[in-house]
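What follows is a short report on a single structure.
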Protein chains: 2
Amino acid sequence: MEREHPAQLWPTEEEDAPGDSKPARLGRSLLSSSMVGSANRGRVLQALFDLGPTSRAELARLAGVNRTTISGIVQPLLDQQVLVEGRPIRPSEAGGKPARPLWFSPDARPICGMLLMPDAVHTCLVTLEGSISALESERFPEERPQIADVRSAIERCTTRTLASARREPLGIGVAVGGMVDTDRRAVIAVNLAPVLNDFELGDMLTKRFGLPALLDHHPRALLVGDRWFGKGRGQQTFAAVYTGEVLGGALYLGGHLYRGQSGAGGELGHTFVQVDGDLCSCGRRGCWETIATLGWLRRQARAIGIDDPDAIDSGRLVALTKAGSSGAAALLDLYARNVAVGIANLQQTVAPNFYILHGDVVGGGEFMAEAIAGHVRALVPSRSGGEISFAIGETEDRAALLGAAGLVLSELLQFPL
Amino acid sequence: MEREHPAQLWPTEEEDAPGDSKPARLGRSLLSSSMVGSANRGRVLQALFDLGPTSRAELARLAGVNRTTISGIVQPLLDQQVLVEGRPIRPSEAGGKPARPLWFSPDARPICGMLLMPDAVHTCLVTLEGSISALESERFPEERPQIADVRSAIERCTTRTLASARREPLGIGVAVGGMVDTDRRAVIAVNLAPVLNDFELGDMLTKRFGLPALLDHHPRALLVGDRWFGKGRGQQTFAAVYTGEVLGGALYLGGHLYRGQSGAGGELGHTFVQVDGDLCSCGRRGCWETIATLGWLRRQARAIGIDDPDAIDSGRLVALTKAGSSGAAALLDLYARNVAVGIANLQQTVAPNFYILHGDVVGGGEFMAEAIAGHVRALVPSRSGGEISFAIGETEDRAALLGAAGLVLSELLQFPL
DNA sequence: AATGTTTGTGCGAGCCTCAAACTAACAAGA
DNA sequence: TCTTGTTAGTTTGAGGCTCGCACAAACATT
């Protein structure tokens, strides 16, 4: 792996150091001509992601700019082997010079994606085309792991993955199954793994591997994975919703990943849907998590006498329903309704209008998604311009790692205006 | 009122006509040099709003740009009398040439603010400094009003207000007490005033008065009023929450007013906080409106035997509590808690961290706001970087009209990047 | 009166996009 | 086969904008 300049996709601005010494910014500061260059380069690349292989002329038409502009932006990217020209496309019957579609080079620098869970770490390389390779995993010691164990496990895993990279990765993106401070790039807390509390993983990775590193929590990573590599491709506004043992969500609003202060927001699991309802693990009452998690589903399954209730999930529930179990059908409907309640609230609050479902629901397939969609539509007062649509995310393992890589991509493509 | 070029604050771009003929945009299209000019002009003006009167050198320092850049931006604005130079400020003891603070000229073109309620219309002029003048009102006929009556009432009212304008206003902003389609600039529906349903007010105003006209619903107008003229001045992310006979909210996220598809979003009143709870006016059960409106408060007041329960509101509730009524104190606490539930959900979902309270709560003053704030803080799981703060908005009449004017201002200052 | 400091203004350089002209590569038809 | 029409991509010069530098203006201090 030869050594390259750290950030060449969006070249050589000195990045705002964490301890930014500049005085409080005026809004965000003003634009300069060179920023226009960076921003437009990012937008062209983003358009390529959204459209798939596209010629310069087509890009120029869609953007409403001059062809020469696109050529000027694209040429350096071709030189850097970020992009390549595909084979000429037959012109229409009107004739004309064949267009050469541009697409991401397989030889472009990859991104390292990392998934940090309570019990293990997974790493891989992701190309700009969205293919995964060099997948590695490392489990943490089960008995009272020390932070040193965790650090060395992460280091080993990452080292193995990076060894497969032919070019230096653009950065490392980490999806964390817990709370994250995106500013400090640190893990705040991970349920069931107190060893990870207050763990400055971002700094560690940057120091150890000399690469930019970004952390975010799991649902937000799923969202950006969907945005660049999945069903959210090309969407300007949508939400990702994760269900399972816990609930979470993330928002992509007006072409930007939304993060609240230091990465808050999207903590949907602990919104109230049943004031003074059942006790939640957070100590409050009536959180959405009390009625829409797998834990709730298991309790209900047991109550109505479904076989092996501890192993119930959307997949089995759909199978039982299709096999004719009326009890399962009723439970599925109630579960779908309960999930839909939280989504309906999100729809009323920010109206993303498009939802990508992740987690347990994926196992239930289209059937489950349709059940939820139906309830959401019934629970949201109708409104003009408000068709609500749903999609199912990638399978769990791929989604999270693509998402982790997507965090880096978001940072590279979204020039901060 | 002499005739001027329609949009001179942000001068002479041909605006995107409503029936924009350009093909589907690439994300949003690329930046050009001239857009940099417009965007930077907008940002400088925004900074002036946020900072108050400020010299060129100071602006340049805060923005981290060259002084000449600011001079270049500001000079045309001085020529157009958008800005004026204030009197020189004494230099510090270090000496130096006295700075000349820039501020909005009282002779700058004003904005026409309009508030459309079920029973009446109110109009006024708002200067860029935020002062209100030429206030006019017109009531609609009480018995079965026809749309023609409403149109002529609005025209008369607007004409009287505009007659007082020394320069042609920059535009007309309308706050509507009901549902709005911001794209079509039309009223969709107003509770209790079916005559207003599907009323294309924006087009009518533009045709009749030759001015740009913008509509938005009431809570969103309150938010932008706060942003430019009120407690939200200079904030990058915050929320406005309206309580009273109905509930509503609006979001300012990352320096931009947030609108969902065709102006949805912020319809907090019909988020679920009590699944299968009391029947709501919308036909669903357990909406936030069933536990946090004045209607709920009146029912509770009657139930516990408070004097004149039909006239209860935050103001009286606080007064009774301070006078020592334990029943009122308990009711106040419950009311504050119920309001806090919806805010806590909003905090968990988008984490704006700063809330400006409008509507009934304003009458209860700091006491009421503190009660709500306390409950919100208790209802939100604690989290790093998450101090939640509250402010009380302007009194109802001023807030809505300033907000309506703020809609126009947002459009002028936020150059769409 | 001299010195130091800060504000605001010309001037040329650099970066970026745009318009127009030009070359390259194809289809269709005489 | 040759001409015409069409589309893709490149070259070149013009115009906008910001930046750095130098300079005049206006103040405080000594």
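Residue numbering restarts at 1 for every chain, and letters A, B, ... go by the order of the sequence lines.
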(message) Both B:Lys97 and A:Pro98 contact DNA chain D. Taking the nearest nucleotide for each, which residue is further toward the 5' end?
(response) A:Pro98
(request) Find which nucleotide of DNA chain C each of A:Gly72 and A:Arg100 is nearest to by heavy atoms, and output the residue with the more 5' nucleotide. (result) A:Gly72
(message) On DNA chain D, compare the nucleotides closest to A:Gly96 and A:Thr68; which residue's is nearer the 5' end?
(response) A:Gly96
(message) Testing A:Gln235, A:Arg227, A:Gln236 one by one against A:Tyr252 for a side chain to side chain donor-acceptor pair (under 3.5 Å), which residue passes?
(response) A:Arg227
(request) Consider the side chain of A:Ser33, meaning its heavy atoms from C-beta on, and name the nucleotide among C:dC18, D:dT18, C:dT17 that approaches it most closely. (result) D:dT18
(request) Write down the distance between CZ (A:Arg67) and P (D:dT12), rounded to a whole number of angstrom. (result) 17 Å
(request) Would you mind telling me which of D:dT18, D:dA8, C:dC16 lies closest to the side-chain atoms of B:Thr69? (result) D:dT18
(message) In this structure, how many angstroms lie between the C1' atom of C:dG8 and the CG atom of B:Asn66, rounded?
(response) 11 Å
(request) Could you give me the CA-CA distance, side-chain angles and deciding distance for A:Arg259 and A:Asp216, then say whether salt bridge (charged side-chain N to carboxylate O under 4.0 Å, His left out) is met? (result) CA-CA 10 Å; A:Arg259 287 193 187 98; A:Asp216 219 321; 2.6 Å; yes
(message) If you only use heavy atoms from C-beta on, which nucleotide in D:dG20, D:dA28, C:dT17 is closest to the side chain of A:Asn40?
(response) C:dT17
(message) Run the salt bridge (charged side-chain N to carboxylate O under 4.0 Å, His left out) test on A:Arg233 and A:Asp226 for me, step by step, so that the C-alpha distance in whole Å, both residues' side-chain angles and the decisive distance to 0.1 Å come before the verdict.
(response) CA-CA 6 Å; A:Arg233 202 179 271 260; A:Asp226 291 331; over 6 Å; no
(request) Could you please name the option among D:dT18, D:dT10, C:dG8 that lies closest to any side-chain atom of B:Ser71? (result) C:dG8
